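A quick note: this is a predicted structure, and the numbers were derived from the prediction, not measured.
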Amino acid sequence: MLDFLINNFDLIVKVGAGILTLLPIILYIKTKMVLPVTRAIKNINKIEDILYLLGPNGGKSLYDKIVNIDNRLAKAEVRSKSLIAALEIAEWQSNVGGECVYVNSAACQLLNRSSEDFLGRNWVNVIHPEDRERVVADWDTAIKEKRNFVCSYRWTHSDGHAIAINVEAHPAFDSSQHITGWIAVVRPQNK
């Protein structure tokens with residue numbers, strides 16, 4: 001064996017030198033090509049896991065949970081609107097700019113008017129002319145200051161007679177505590 005090593009020493013040195021020469025190239029290939037591919041393969045599994053958790057999968061995913069919450073909120077909204085209507089409580093809602101986006105049937109029946117008479121900025125025309133300027137100024141200030149609106153004034157029935165009301169409108173907030181609009185309850189003063 002020793003004879004083999006001595007006789008082939010030049011060959012062994014050349015092979016060793018070749019390996020040492022190739023080592024940086026091998027390390028370069030490993031770090032620049034093999035490792036990124038390996039990481040990508042591992043990430044594909046992670047991406048599949050993430051897609052499984054985010055996509056619909058029978059109730060366990062984030063998507064399914066959000067859809068479930070959305071469905072429950074929609075049912076709760078219909079339930080609350082139904083209860084308020086059954087109790088004949090007049091209600092309207094505005095957007096963040098103070099424009100009416102919803103008015104319930106109790107408010108429309110109270111004045112014998114359609115919802116179109118309230119929507120957008122049309123609600124201003126429902127206010128009794130003698131109260132209109134004051135109420136609009138108070139409402140616009142409440143919107144600007146992002147506060148509750150509590151006011152007594154008169155609405156005008158479709159036949160022209162005045163109906164005295166008390167209104168309380170409170171800001172509605174999203175999950176980030178940003179105002180999304182106002183929800184108002186209207187009570188006739190004679191009830």
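In this structure the side chain of Asn148 reaches within 4.5 angstrom of the side chain of His170, judged on heavy atoms. Residues Glu91 and Gln93 have side chains in contact (heavy-atom distance under 4.5 Å, counting atoms from C-beta outward). A 4.5 Å side-chain heavy-atom check between Val103 and Arg113 finds every atom pair outside the cut-off. Taking 4.5 Å as the limit, some side-chain heavy atom of Arg134 sits within range of a side-chain heavy atom of Tyr153. At a threshold of 4.5 Å between non-hydrogen side-chain atoms, the residues Ile163 and Leu111 count as touching. For the pair Arg132/Val124, a side-chain contact is recorded, criterion being any heavy-atom separation below 4.5 Å from C-beta on. Inter-residue side-chain proximity for Val186 and Asn166 is flagged as unmet; no heavy-atom pair is nearer than 4.5 Å.
Between Ser114 and Cys108, the closest heavy-atom pair is C-SG, 3.8 Å. In terms of heavy-atom proximity, Trp92 sits nearest to Ala169 at CH2-CB, 4.4 Å.
Aromatic ring centres of Phe118 and Trp123: separated by at least 6.0 Å.
Considering Ile143, Ile179, Val96 in turn, Ile179 is the only one that fulfils the side chain to side chain contact (heavy atoms under 4.5 Å, CB included) rule with Pro171. Here the rule is side chain to side chain contact (heavy atoms under 4.5 Å, CB included) with Arg154, and of Ile127, Ile165, Val135, Asp131 only Asp131 fits it.
Between atom CD of residue Glu168 and atom CH2 of residue Trp182 there is a gap of 15.5 Å, rounded to the nearest 0.5 Å. Taken to the nearest 0.5 Å, the NZ atom of Lys146 stands 8.5 Å off from the NE2 atom of His178.
When the side chain to side chain contact (heavy atoms under 4.5 Å, CB included) test is applied to Asn122, the partners found at least two apart in sequence or on another chain are Asn125. By the ring pair (Phe, Tyr, Trp, His ring centres under 6.0 Å) test, His161 pairs with His157, sequence neighbours left out.
No side-chain donor-acceptor contact under 3.5 Å links Trp155 to the backbone of Leu110.
For residues 94-105, the set of pairs meeting the side-chain hydrogen bond (donor to acceptor under 3.5 Å, both in side chains) definition, not counting sequence neighbours, is empty.
Defined by atom type and a distance below 3.5 Å, a donor-acceptor pair is missing between the side-chain atoms of Thr180 and Asp174.
Each of Leu119 and Val126 belongs to its own hydrophobic cluster when Ile, Leu, Val, Met, Phe, Trp and Tyr are linked at side-chain heavy-atom distances under 4.5 angstrom.
A salt bridge links Asp140 with Arg121; the closest basic N to acidic carboxylate O contact falls under 4.0 Å.
Other residues, nucleotides and ligands contribute over 12 non-hydrogen atoms within 6.0 Å of the CD atom of Gln177.
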